[in-house]
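Right, one structure below, let's go through it.
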Amino acid sequence: MPLITLPDGNSIDFPNKVTGLEVAEKISKSLSKQALIMSIDGELKDLFSIIEKDCSIKIFTSRDQEGLDAIRHDTTHIMAMAVQKIFPGTKLAIGPAIKDGFYYDFYREDPFTPKDLEKIEIAMKEIVEKDEITRREVWERDKTKDHYSKLGEKYKVELVDMIPEGNEVSIYYHGKWYDLCRGPHLLSTGKIGKHFKLTKVAGAYWRGDSNNEMLQRIYGTCWPSQKELDDYLKRIEEAEKRDHRKLGKEMDLFHFREESPGSVFWHEKGWKLFQKLVAYMRDRQNKAGYKEVNTPEILDRALWEKSGHWEKYGEHMYTSKTPDEKIFAIKPMNCPGHVQVFNQGLKSYRDLPLRISEFGKVHRYEPSGALHGLLRVRAFTQDDAHIFCTEDQITEECLIVTNLILDIYKDLGFENVILKYSDRPDLRVGDDNVWDKAEKALLDAVKASKLEYTINKGEGAFYGPKIEFVLRDAIGRDWQCGTLQVDLNLPGRLEASFVDSDGTKKVPVMLHRALFGSLERFIGILIENYAGKFPFWIAPLQVVVIPISEEFDAYAKEVNEKINNVGMNSEVDLKNHNLNYKIREHSLSKIPLLLICGKKEVDSNSVTIRRLDTNKQENMELNLFLKKFSALNKAPSN
RNA sequence: GCCCUUGUAGCUCAGCUGGUAGAGCAAUUGAUUUGUAAUCAAUAGGUCCGCGGUUCGACUCCGUGCGGGGGCACCA
């Protein structure tokens, strides 16, 4: 006699036990058609599950994330079914729904080829056609393990062992094929529709552990309608168009080459962009009380041993051997150098907080597979700084850093920032009461920002808690850039100290912080965020002056020179091409302003402005142009 | 680092099952002197990623190294 409460608060009394589907039918015909899975008292269940007791129910359709996930989870089962049909003997590992799709990990000697994916897709469509009925069985643990060992499905055996004691071991059948699975699943294989696509094959370690064997992972995507599938594919395509590696080449910003994998060869325009960002950051930091320094790129191995980096990160460090056999390391971080600067001369509490900054180029030997354009390189420049302060100053310094970082992101067009706060890990150095203080200081700064944040328990560095600043770009992707970390370890290790007001020597607290993080990476993100169409003030080439014909070359040159003289970056295009050609060429290379010069302009000492992505023409007296646009040639907050 | 995939002119790419390479754009030269997204023509341009092997003969097949791409692992 279950009394079933619906999400709207209404309830229905059923005379006998019912299935979820029957409840949906009772609510409405259309809901029963769209229903995919349900939750009973918050727990996800199959629609065919039988309800005997009073409960609250929620029915999910493809409009709910739960429903979408269920569709994708079913699709991956259907893929596995197809794979085992075409390639008998393929072993199954795991196959979850993920963001925008699903995957399944398989073990099989031979690799899956793109052609195989096509075959699998066809077989999947047949399974959907057949509309095989889903059935759930609960098996006894040992019987399940026994069953799967006999089949040689060793991953499934391991998976049974991972199911917590007390939980049911459930097997889902889709027709005759079955899989060990937590569920829930849709009523039949026809329910997923036909808007799916297998996208790629990739290697993946069993249980995500690189000590384990590598499995073959097939990724796919699945959507409730053709339109949503098309939209998704379109989104991927749009993201590809913004790819900074593609734009970097097209816009002549930088290149990479074999002789130095993971290191950037900056071209004139890319380097201009780089320098503009550095100049901007330098200005902001000078105003915020930072003291810029420069420390050696190559430092004796002994220092890295003392700092602890040698032991912990030695295998990712570049080293160099001198002719007399001394080992030096190429710095992977700037902090030890900054502590050494701090250590010069006796420091008093009156010197604190001391904010030491450096645009430090560091090298890290990243695994080859990790390299990715500008986003993951082996040589990069950090806008790094270390703030030496007393324990009492942590809170305020963290607040200042947080405000500075948010302000800077805003200037560069990122208003949407999320914070990730990570507190003490199990393995750590330092006293707990100092951790208490440090954690509170950081968390206060996080809260004061009034931004969305996540707390990552136990994810902090071994030497202190941290905040990571994640910005969301124009097409909704998240990028982790800035970081603020409290270091309770290094100052002590490298014997940093200051004389406190009571005359005793104390070890300062050190805050590590980077706002852009890596300049290289940040530029990659900027390129993708703006799709190469930079705001005027950071565009590496801001203006191209185009004479209508040779007759006006002299005037165009004069205009160009005047623009450069007031500090904007301008070029003049004197090539023997017609106006249409030049407009097309410079528009495609995303120059913010094109200035057209012909008879009219010469006569009136003016220029005709064509802005990127418009075809409007705006005539302006040259001196007014110079005045107006040099005023725009700086950061918004300036 | 691991799995899959890929490497042809400055760029984008074509080149069937082995007979030493081709297009478009860019470049150069000439003609044209152009008013808001490609003017016309000619010319030049390649150790087909490196090294080894199979073969009468390799850009094509095999092995290996390096680089790129997609994932996994890693990311102080």
Side-chain angles (χ1 to χ4, degrees), chain A residues 103 105 107 110-114 116-117 199-219 240 243 245-246 249-250 252 255-262 304 307-317 331-336 362 364-373 375-378 380 382 461-464 466 480 483 485 487 489-490 512 514 517-518 521 546-553 575-589 594-601 608-619:
Chain A
Y103 68 77
D105 285 347
Y107 179 79
D110 298 322
F112 291 114
T113 65
D116 292 337
L117 293 197
T199 49
K200 56 200 170 201
V201 209
Y205 296 108
W206 167 234
R207 293 164 107 175
D209 184 340
S210 59
N211 295 315
N212 289 340
E213 64 271 39
M214 183 149 278
L215 306 172
Q216 296 191 67
R217 174 173 297 179
I218 302 181
Y219 282 95
E240 276 168 14
D243 191 313
R245 293 166 297 186
K246 182 173 169 287
K249 198 187 271 182
E250 282 172 14
D252 194 20
H255 84 277
F256 287 92
R257 55 194 304 112
E258 282 193 26
E259 292 97 324
S260 189
W304 301 105
S307 72
H309 291 98
W310 189 268
E311 193 202 355
K312 206 153 166 34
Y313 301 107
E315 55 181 307
H316 297 294
M317 284 165 70
K331 69 175 172 185
M333 295 192 89
N334 303 301
C335 14
V362 297
R364 297 178 183 178
Y365 192 69
E366 303 285 2
S368 59
L371 302 179
H372 183 95
L375 301 181
R376 189 82 184 269
V377 287
R378 284 179 175 158
F380 58 99
Q382 290 179 313
F462 72 92
Y463 52 74
K466 62 178 178 187
Q480 189 172 306
T483 150
Q485 309 183 7
D487 192 332
N489 177 51
L490 202 58
H512 303 244
S518 141
R521 178 176 152 84
I546 306 173
I548 292 282
S549 74
E550 248 172 64
E551 197 187 327
F552 311 108
D553 281 5
K575 283 202 279 288
N576 182 10
H577 278 131
N578 64 29
L579 180 60
N580 279 336
Y581 182 93
K582 290 182 182 179
I583 286 183
R584 177 178 155 82
E585 189 183 52
H586 299 301
S587 297
L588 288 175
S589 56
L594 302 183
L595 300 188
I596 317 298
C597 300
K599 182 161 190 317
K600 197 172 80 186
E601 288 76 14
T608 295
I609 306 165
R610 182 191 164 116
R611 292 169 195 258
L612 183 58
D613 282 339
T614 70
N615 48 19
K616 270 192 256 151
Q617 298 170 40
E618 183 186 351
N619 188 263

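We name chains A, B, ... by the order of the sequence lines, and we start the count at 1 in each one. Computed over heavy atoms, backbone and side chain alike; hydrogens, waters and symmetry mates excluded.
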Subject >> Set of side chain to side chain contact (heavy atoms under 4.5 Å, CB included) partners for H372(A), sequence neighbours left out >> reply: H244(A), R245(A), L375(A), R376(A)

Original post:
Who pairs with K599(A) by salt bridge (charged side-chain N to carboxylate O under 4.0 Å, His left out), at least two apart in sequence or on another chain?
Top reply: D603(A)

**OP:** For W206(A), check ring pair (Phe, Tyr, Trp, His ring centres under 6.0 Å) against everything at least two apart and list the hits.
**Re:** Y155(A)

Original post:
Is it the case that more than 12 heavy atoms not belonging to E618(A) sit under 6.0 Å from its CD atom?
Top reply: yes

**OP:** Provide the distance between the two P atoms, one in rG70(B) and one in rU34(B), to the nearest whole Å.
**Re:** 48 Å

Original post:
With sequence neighbours excluded, what pairs up with E259(A) under the salt bridge (charged side-chain N to carboxylate O under 4.0 Å, His left out) test?
Top reply: R257(A)

Original post:
Expressed as a whole number of Å, how far does the C1' atom of rC48(B) sit from that of rA58(B)?
Top reply: 11 Å

Subject >> Heavy atoms from other residues, nucleotides or ligands near CD of E315(A) exceed 12 (cutoff 6.0 Å) >> reply: no

Original post:
Excluding sequence neighbours, so at least two apart, what forms salt bridge (charged side-chain N to carboxylate O under 4.0 Å, His left out) with K600(A)?
Top reply: none

Subject >> Separation of the C1' atoms in rA44(B) and rA37(B), to the nearest angstrom >> reply: 29 Å

**OP:** Report the residue from I609(A), D613(A), N615(A) that forms a side chain to side chain contact (heavy atoms under 4.5 Å, CB included) with R611(A).
**Re:** I609(A)

Subject >> Sequence-distant partners of Y365(A), ring pair (Phe, Tyr, Trp, His ring centres under 6.0 Å), two or more places apart >> reply: Y318(A)

**OP:** Go ahead and name the base partner of rU28(B); Watson-Crick or wobble counts if both distances stay under 3.5 Å, otherwise write none.
**Re:** rA42(B)

**OP:** For T199(A), check side-chain hydrogen bond (donor to acceptor under 3.5 Å, both in side chains) against everything at least two apart and list the hits.
**Re:** none

Can you pull every protein N or O that's under 3.5 Å from an N or O on nucleotides 8-11 of chain B?
none

**OP:** Please state the C1' separation for the pair rG52(B) and rU5(B) - nearest whole angstrom.
**Re:** 23 Å

Subject >> E550(A) side-chain N/O to N576(A) backbone N/O, donor-acceptor pair under 3.5 Å >> reply: no

Original post:
Of all heavy-atom pairs between H586(A) and I546(A), which one has the smallest distance, and what is that distance?
Top reply: CD2-CD1, 3.9 Å

Subject >> Between rC16(B) and rC74(B) - P atom distance, rounded Å >> reply: 42 Å

Original post:
Ignoring hydrogens and angles, are the base of rU33(B) and the side chain of E551(A) linked by a donor-acceptor pair under 3.5 Å?
Top reply: no

**OP:** Could you list the residues that satisfy salt bridge (charged side-chain N to carboxylate O under 4.0 Å, His left out) with D105(A), not counting sequence neighbours?
**Re:** R217(A)

Subject >> Inter-nucleotide C1' distance (rC4(B), rU12(B)), Å rounded >> reply: 25 Å

Subject >> Complement of rU34(B), any strand, by Watson-Crick or G-U distances under 3.5 angstrom >> reply: none

Original post:
Rounding to the closest angstrom, what is the interatomic distance between rU60(B) and rC49(B) at atom P?
Top reply: 8 Å

Subject >> Identified pairing partner of rC72(B), criterion: Watson-Crick or G-U wobble below 3.5 Å >> reply: rG1(B)

For nucleotides 14-17 of chain B, tabulate all protein N/O to nucleotide N/O atom pairs closer than 3.5 Å, reporting atom names and distance.
none

Original post:
Do you know the tightest heavy-atom contact between H309(A) and S307(A)?
Top reply: ND1-OG, 2.6 Å

**OP:** Could you encode protein contacts along nucleotides 35-43 of chain B as a string, one character per nucleotide from 5' to 3', using B for base contact, S for sugar-phosphate-only contact and - for no contact, with a heavy-atom cut-off of under 4.0 Å?
**Re:** BBBBB----

Original post:
When the P atoms of rA73(B) and rC62(B) are considered, how many whole Å apart are they?
Top reply: 31 Å

Subject >> Complementary nucleotide for rA23(B) - Watson-Crick or wobble, under 3.5 Å >> reply: rU12(B)

Original post:
What is the per-nucleotide protein-contact pattern of nucleotides 65-76 of chain B, from the 5' end, where B denotes a base atom under 4.0 Å from a protein heavy atom, S denotes such proximity for sugar-phosphate atoms only, and - denotes neither?
Top reply: -SS-SBBBBBBB

**OP:** May I have the distance from K246(A) (atom NZ) to rC13(B) (atom C1'), rounded to whole angstrom?
**Re:** 14 Å

